[in-house]
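For the numbers below, each heavy atom of this structure counts, side chains included, while hydrogens, waters and symmetry mates do not. Residue numbers begin at 1 in each chain, while the letters A, B, ... track the order of the sequences.
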2 protein chains.
Amino acid sequence: MAAHKAQTTLSALKQAESRCNTRGTRLTEKRRQVLTGLLDSKKALSAYELTDYCRDHLGYQLPAMSVYRILEFLEGESLVHRLDLAKKYVACSHILCDHEHDLPQFLICKECYRVQEISIKRNLMQSLNRSVEEADFKLASQQLEFDCVCSDCYE
Amino acid sequence: MAAHKAQTTLSALKQAESRCNTRGTRLTEKRRQVLTGLLDSKKALSAYELTDYCRDHLGYQLPAMSVYRILEFLEGESLVHRLDLAKKYVACSHILCDHEHDLPQFLICKECYRVQEISIKRNLMQSLNRSVEEADFKLASQQLEFDCVCSDCYE
DNA sequence: ATCAAAAATGATACAACGTATCATTTAAGT
DNA sequence: ACTTAAATGATACGTTGTATCATTTTTGAT
C-alpha cells in the first residue's frame, strides 16, 4: 500500500515534469520535493507544514518564503490548488489524467483537512450562477470550496 | 440620505437591545458601538478595522482583543455574521425583521468587501447537499459564503 | 569552457488576523 | 456597602502571508 502510493506519486511526478517541459518551465528539485510532499499527504498542508515536511523527510529546512514561491509556481502549472478557506494547499487530483475536466469543487474537512475534489453537476452550477447574478454579483471563480466535515470526523 | 441611514441604524440598535434583553444578555455601550460601526458600514469590516472605527469616530481606541470578544458576543446573539472567507464581519441584514429566515448565504466582493446576503432556493441547496453527501462529506454549515465580484467592481 | 543575463532560492523584516492569559474595571444582587 | 460575576484592558505570542534585497544556480551566447 505504501508501495502503491509511491507508485502513484512517481507517475504523477513524471507527468508533472513532462507538463512543465512542454510548457517551457522547469520542475526543479525543490519544486519536485514540495509537490511530492503534497502528493504523499492525504490532507491539505499549509506552507509552513511543508517546511516541516522538508525538515522531517529531506533533512533540510526549506524557507517558508521559498515554499510560498514554489506553491505559486505549481499552482500556475495547475499541479496544486490553493484552498482559500483552509489556507492550505493540495496536489491536483487530476495530474495523472490527460483529458479536460470540469472545474473542480473542493470539499474540505474542517477537522482533519482531508480534501475531496468533486465536480458539481453543470445544471446545479448554472442555477447557482443565476442566483448570484440576480443579486448583481458574479462568482469570482467556478472553483468553489465548501467547509465540510468528512465521514471520519463526524460521529 | 445620511439621515435615513442613521434612522435605520437606530431602529436596528433598538431591536438589538430588546433582543438582548429578552435573552437576558446585555448590549453594553462598547457592544453597541461595535454594532453601530458594522451597521453604518456598507462593507464587511475586520476586527482591526473596527478598532480604527472607534479611534476615528469615537475618540478612543478599543483594543483588538475586546473587539474580538464583542464580535463573538454579537455573533452569538445573531446580530452579526463572521465571514470566514474574508476574515471580516457584517451586521446581520435581518436584525429589523421579526419573522424567521432561511439560512443566509453571503456573496462577498473580493475587491471592495461589499456583502450581499441572499437566500438560495431550497431545491438548489438540496441538490448541493446531495452532491456533497455522495462524496461522503457533509456541509459544516448551510450558511455558505461565495467569493464574488460585485457590479461596482467588474468593468 | 567562459561569462553575462536570467531564473531560482535564501535571509530578514514585517504586516494582518487571531488566541491565551492574567489583571483590572464595571455592573448585579444580596 | 460588599461580594461575586461579567466585561474590558494589557501583554505576549502563534500562524499565515508579503516585501525586499542578497545570493546561488542555470541558461545561452560567444
Side-chain angles (χ1 to χ4, degrees), chain A residues 16-17 20-21 23-38 43-55 58-77 79-90 108 110 113 145 147, chain B residues 16-17 20-21 23-38 43-55 58-77 79-90 108 110 113 145 147:
Chain A
E17 178 131 41
C20 286
N21 284 342
R23 286 173 49 93
T25 58
R26 284 181 299 159
L27 188 66
T28 64
E29 185 60 15
K30 320 231 163 179
R31 286 168 176 172
R32 180 200 316 277
Q33 285 168 348
V34 168
L35 180 55
T36 303
L38 289 177
K43 60 194 197 89
L45 297 178
S46 73
Y48 283 85
E49 286 169 336
L50 280 163
T51 71
D52 294 344
Y53 170 85
C54 287
R55 173 169 41 67
L58 272 28
Y60 74 101
Q61 178 103 8
L62 189 57
M65 184 74 260
S66 296
V67 173
Y68 277 107
R69 274 188 295 231
I70 286 170
L71 288 169
E72 194 179 0
F73 168 83
L74 293 172
E75 201 183 8
E77 304 299 314
L79 296 170
V80 315
H81 299 290
R82 178 193 142 80
L83 305 176
D84 274 320
L85 210 49
K87 290 178 290 191
K88 290 173 188 281
Y89 303 81
V90 287
I108 307 167
K110 63 187 297 191
Y113 293 106
E145 301 172 25
D147 216 348
Chain B
E17 178 130 40
C20 286
N21 284 342
R23 285 172 48 93
T25 58
R26 285 180 300 160
L27 189 65
T28 64
E29 185 60 16
K30 319 231 161 180
R31 286 168 177 173
R32 181 200 315 278
Q33 286 168 347
V34 168
L35 181 55
T36 303
L38 288 177
K43 60 194 196 88
L45 297 178
S46 73
Y48 283 84
E49 285 168 337
L50 280 162
T51 71
D52 294 345
Y53 170 85
C54 287
R55 173 169 41 66
L58 272 28
Y60 74 101
Q61 178 102 9
L62 189 57
M65 183 75 259
S66 296
V67 174
Y68 277 108
R69 273 189 295 231
I70 286 170
L71 287 169
E72 194 179 1
F73 169 83
L74 294 172
E75 201 182 8
E77 305 298 315
L79 296 170
V80 315
H81 299 289
R82 179 194 143 80
L83 305 175
D84 274 321
L85 210 48
K87 290 178 292 191
K88 289 173 188 283
Y89 303 81
V90 287
I108 307 167
K110 63 186 297 192
Y113 293 106
E145 301 171 25
D147 215 349

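- To the nearest 0.5 Å, the span separating CD1 on Ile70(A) from CE on Met65(A) amounts to 10.0 Å.
- Under a cut-off of 6.0 angstrom, the local environment of NZ in Lys43(B) is crowded, with over 12 non-hydrogen atoms contributed by other residues, nucleotides or ligands.
- Between Tyr60(B) atom OH and Lys30(B) atom NZ the span is 4.5 Å, to the nearest 0.5 Å.
- Rounding to the nearest 0.5 Å places CG of Asp84(A) at 12.0 Å from CG of Asp84(B).
- Side-chain atoms of Glu77(A) never come within 3.5 Å of backbone atoms of Cys20(A) as a donor-acceptor pair (strictly under, hydrogens ignored).
- Rounded to an integer number of Å, the gap from Leu27(A) CG to dA7(C) C1' is 15 Å.
- Rounded to the nearest 0.5 Å, atoms CZ (Arg32(B)) and CG (Leu79(B)) are 11.5 Å apart.
- For the segment residues 82-89 of chain A, residues with any heavy atom less than 4.0 angstrom from an atom of DNA chain D are, sorted by number, Arg82(A), Lys87(A), Tyr89(A).
- Thr51(B) contributes atom OG1, which lies 12.0 Å from atom CG of Leu58(B) (distance to the nearest 0.5 angstrom).
- Dashed line: the shortest gap from a side-chain N or O of Tyr48(B) to OP1 or OP2 of dC17(C) is not under 4.0 Å.
- Among the heavy atoms of the strands lying under 4.0 Å from Arg69(A) is at least one base atom, whether or not backbone atoms are also near.
- By the 6.0 Å contact criterion, CD on Glu72(B) is open, its count of non-hydrogen atoms from other residues, nucleotides or ligands being 12 or less.
- If you measure from atom CG of Asp52(B) to atom C1' of dC17(C), you get 13 Å, rounded to the nearest angstrom.
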Item to complete: For the pair Leu50(A) and Leu62(A), evaluate side-chain contact (heavy atoms from CB on, under 4.5 Å) and give the outcome as yes or no after the intermediate values.
Response: CA-CA 8 Å; Leu50(A) 280 163; Leu62(A) 189 57; over 6 Å; no
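- Both Met65(B) and Tyr68(B) lie near DNA chain C, and the one whose nearest nucleotide falls closer to the 5' end is Tyr68(B).
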Item to complete: Begin with the C-alpha distance, continue with both residues' side-chain angles, and end with the deciding distance and a verdict on side-chain contact (heavy atoms from CB on, under 4.5 Å) for Asp52(A) and Leu45(A).
Response: CA-CA 10 Å; Asp52(A) 294 344; Leu45(A) 297 178; over 6 Å; no
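- The backbone N or O of Cys54(B) lies less than 3.5 Å from no partner atom in the side chain of Gln33(B), so there is not a single donor-acceptor pair.
- Contact footprint of chain A on DNA chain D: nucleotides with an atom under 4.0 Å from a non-hydrogen protein atom, first to last in 5' to 3' order, dT16(D) to dT27(D).
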Return the polar atom pairs (N/O with N/O) between nucleotides 27-30 of chain C and the protein under 3.5 Å, or none.
| from | atom 1 | to | atom 2 | distance (Å) |
| --- | --- | --- | --- | --- |
| dA27(C) | O3' | Arg26(B) | NH1 | 2.6 |

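- For Ile70(B) and dG18(C), the CD1 to P distance is 15 Å, given to the nearest whole Å.
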